2 protein chains.
Amino acid sequence: MTESHNAPRRRGRPPKQPDGQLETRLALIRRGMEVLTERGFTATGLEGFLKQVGVPKGSFYHYFDSKEAFGRAVMDSYARYFERKLDRHLLNTQLSPLQRLDEFVADASAGMARHGFRRGCLVGNMGQEVAVLPDDFRQQLDAILHSWQQRLTVCLQAAQAQGELSAALDAEELAQFFWIGWEGAVLRARLQCSAAPLDVFYSGFLRMISANCSGSMISDTQ
Amino acid sequence: MTESHNAPRRRGRPPKQPDGQLETRLALIRRGMEVLTERGFTATGLEGFLKQVGVPKGSFYHYFDSKEAFGRAVMDSYARYFERKLDRHLLNTQLSPLQRLDEFVADASAGMARHGFRRGCLVGNMGQEVAVLPDDFRQQLDAILHSWQQRLTVCLQAAQAQGELSAALDAEELAQFFWIGWEGAVLRARLQCSAAPLDVFYSGFLRMISANCSGSMISDTQ
DNA sequence: CTATTTATAGACTGATCGTTTATTAAAATA
DNA sequence: TATTTTAATAAACGATCAGTCTATAAATAG
């Protein structure tokens with residue numbers, strides 16, 4: 001008996017959602033973002049994590065093939081969460097482009113303070129674990145940073161278009177510089193339990209892009 | 001205590017070295033620096049590590065009270081190793097102060113490349129693990145970074161004294177900025193398996209300190 | 001010799017790791 | 001109702017974790 005045309009109707013209990021975006025699954029991912037941002041991937045044991053979320057172990061493997069697969073899902077979710085946050089700030093046309101970046105930095109800084117500087121950046125955390133993680137993790141993390149970099153590049157180019165930033169500067173190189181340094185600042189802020197490193201880096205970055213510099217970074221004396 | 005004057009001579013087998021700086025202990029620490037720089041502390045299992053070094057478990061616990069104590073010893077050793085490296089470069093009076101920093105950066109970059117960008121910075125690695133490490137680890141790591149910062153501050157002040165760097169800049173703040181960004185660059189270099197992030201950060205840093213920043217002062221030197 | 005201490009050696013412990021298997025509950029069709 | 005299929009969970013598994021234990025070899029002193 002092969003089903004026909006538009007109403008095949010399978011026999012048993014149907015999946016809650018076509019793809020599998022269950023309530024429990026979402027709770028696992030949400031809490032996963034928090035915990036992995038604080039403790040990292042390797043150091044987080046499934047047992048203790050699941051106990052926190054109140055989900056039995058058997059259920060976990062119903063939603064995810066493995067801890068690795070879970071890690072990938074959390075990474076994806078974090079990437080989308082952070083991209084939304086970046087877009088919310090960097091595309092806010094009510095502010096000037098550089099003011100938007102100010103707002104993002106202030107928001108991120110307040111976020112770290114709110115969690116007592118215990119949480120860092122999921123990408124930074126897992127980036128340090130890269131040696132003990134599958135190789136596609138590394139590629140994914142790099143891709144995520146690249147997407148952030150792209151968004152900042154656009155914002156900086158807007159700043160150039162509005163005359164807020166010297167057109168002689170390479171916006172993409174500046175964006176690259178920002179994320180390199182920002183990840184370092186987040187790490188340092190956790191070590192110091194203080195927002196000072198974030199401020200030091202960002203004010204330095206602002207000085208750098210507002211200074212009277214010549215076009216490319218590779219031109220230097222000595 | 002019936003021992004007298006200058007030849008007490010204890011009873012049993014004497015330690016190989018007066019204080020305990022044994023060959024085996026040193027081998028453990030040396031290899032520990034390498035492994036922890038690559039895989040981090042938490043992700044490194046004692047069993048597998050000791051098998052690599054060829055030291056039985058019984059020996060390990062003869063030299064160290066615990067994995068934690070071992071971690072502290074490795075941290076200490078790495079701090080001293082890195083301080084020696086910094087001093088070698090930053091106190092090299094045959095070069096100008098900024099050239100010394102150039103040399104350090106080139107050396108570090110070559111080192112990362114030599115190990116295929118698999119190894120990062122021990123301080124950066126363990127810094128990300130701070131949430132799952134004893135609190136004194138965090139303090140120690142922060143102190144280590146502070147000592148590096150101090151050394152760079154001195155070097156930058158020397159650059160100011162020689163007119164190589166604007167005296168209007170805050171040398172200590174610049175040094176702070178450098179290490180914040182450098183740790184981020186090392187992390188990113190591992191992710192990209194490339195020295196590019198190191199170059200991007202350092203050339204940006206150079207431009208920042210050579211530009212007419214902080215609203216005052218002469219800029220061009222030489 | 002015996003006594004004592006350093007250093008090596010590895011089997012063993014209980015806890016926890018990520019994962020698997022088996023079972024029960026629920027929701028649909030027939 | 002009975003049947004089918006998926007949702008959800010409980011319990012158990014082998015491997016590995018950090019750490020302990022006992023045993024033994026080596027080197028000194030009495």
Side-chain angles (χ1 to χ4, degrees), chain A residues 1-4 7-28 32 35-36 39-74 129 132-134 137, chain B residues 1-4 7-28 32 35-36 39-74 129 132-134 137:
Chain A
M1 275 308 212
T2 55
E3 317 292 347
S4 60
R9 284 307 197 108
R10 307 248 309 285
R11 202 112 185 299
R13 173 177 175 175
K16 274 192 180 175
Q17 229 102 344
D19 204 21
Q21 293 292 76
L22 297 308
E23 202 177 287
T24 307
R25 185 189 155 94
L26 283 177
L28 286 168
V35 172
L36 265 53
R39 310 172 43 101
F41 183 75
T42 312
T44 296
L46 240 29
E47 195 98 27
F49 168 70
L50 292 171
K51 206 171 130 190
Q52 274 194 345
V53 197
V55 169
K57 216 169 192 180
S59 292
F60 177 85
Y61 281 91
H62 172 67
Y63 294 107
F64 301 99
D65 285 345
S66 62
K67 192 192 176 191
E68 265 185 37
F70 174 64
R72 285 189 194 92
V74 171
E129 302 181 68
V132 290
L133 260 32
F137 275 49
Chain B
M1 298 304 172
T2 55
E3 316 293 349
S4 61
R9 284 307 196 111
R10 308 247 310 284
R11 200 111 187 297
R13 173 178 174 173
K16 278 189 179 175
Q17 228 101 346
D19 202 22
Q21 293 292 76
L22 296 310
E23 205 175 283
T24 306
R25 186 189 155 95
L26 283 178
L28 285 169
V35 173
L36 265 52
R39 310 172 42 101
F41 184 74
T42 311
T44 297
L46 237 33
E47 198 96 28
F49 169 70
L50 292 173
K51 205 171 130 189
Q52 273 195 347
V53 197
V55 169
K57 218 164 197 182
S59 290
F60 178 85
Y61 280 94
H62 172 67
Y63 292 109
F64 302 99
D65 286 344
S66 62
K67 192 193 177 191
E68 265 185 37
F70 175 64
R72 287 190 193 92
V74 171
E129 301 181 70
V132 290
L133 261 29
F137 275 50

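Only this structure's heavy atoms are used, side chains among them; waters, hydrogens and symmetry mates stay out. Computed from a prediction, not measured in an experiment: that's the story for all the values here. Below, read A as the first sequence line, B as the second, and so on, with proteins coming before strands; counting in each chain starts at 1.
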Scan Thr44(A) against the nucleic acid and name what it touches under 4.0 Å (heavy atoms): base, sugar-phosphate only, or nothing.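 Sugar-phosphate contact only.
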Atom [atom1] of [X] and atom [atom2] of [N]: how far apart are they, to the nearest Å?
| X | N | atom1 | atom2 | value |
| --- | --- | --- | --- | --- |
| Leu50(B) | dG19(D) | CG | C1' | 12 Å |
| Asp65(A) | dT19(C) | CG | P | 10 Å |
| Glu47(A) | dA12(D) | CD | C1' | 12 Å |
| Phe49(B) | dC17(D) | CZ | C1' | 16 Å |
| Arg25(A) | dA8(D) | CZ | P | 12 Å |
| Tyr63(B) | dA18(D) | OH | P | 20 Å |
| Glu23(A) | dA7(D) | CD | P | 15 Å |
| Lys51(A) | dA10(D) | NZ | C1' | 16 Å |

Rounded to the nearest 0.5 Å, what separates atom [atom1] in [X] from atom [atom2] in [Y]?
| X | Y | atom1 | atom2 | result |
| --- | --- | --- | --- | --- |
| Glu68(B) | Leu133(B) | CD | CG | 7.5 Å |
| Leu28(B) | Phe64(B) | CG | CZ | 5.5 Å |
| Thr44(B) | Leu50(B) | OG1 | CG | 11.0 Å |

Any side-chain N or O of His62(B) below 4.0 angstrom from OP1/OP2 of dA7(C)?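 The answer is yes; a side-chain N or O of His62(B) sits under 4.0 Å from OP1 or OP2.
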Counting heavy atoms from C-beta on, name the nucleotide in dA18(D), dA7(C), dT19(C) closest to the side chain of Lys67(B).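 For the Lys67(B) side chain, the nearest candidate turns out to be dA18(D).
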Assert yes or no for the condition that the ring centre distance of Phe49(A) to Phe60(A) is strictly below 6.0 Å.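 Ring centres of Phe60(A) and Phe49(A) not closer than 6.0 Å.
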Kindly say whether the aromatic ring centers of Phe70(A) and Tyr63(A) come within a distance under 6.0 Å.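 No, they do not, as the ring centres are separated by 6.0 Å or more.
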Tell me which residues in residues 52-61 of chain A put a heavy atom below 4.0 Å from DNA chain C, sorted by number, or none.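 Here the set is Lys57(A), Tyr61(A).
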Please name all residues satisfying salt bridge (Lys or Arg N to Asp or Glu O under 4.0 Å) with Lys57(A), sequence neighbours left out, ordered by chain then number.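 Expected list: Glu47(A).
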Residues in salt bridge (Lys or Arg N to Asp or Glu O under 4.0 Å) contact with Lys67(B), at least two apart in sequence or another chain: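 Lys67(B) satisfies salt bridge (Lys or Arg N to Asp or Glu O under 4.0 Å) with no residue once adjacent residues are dropped.
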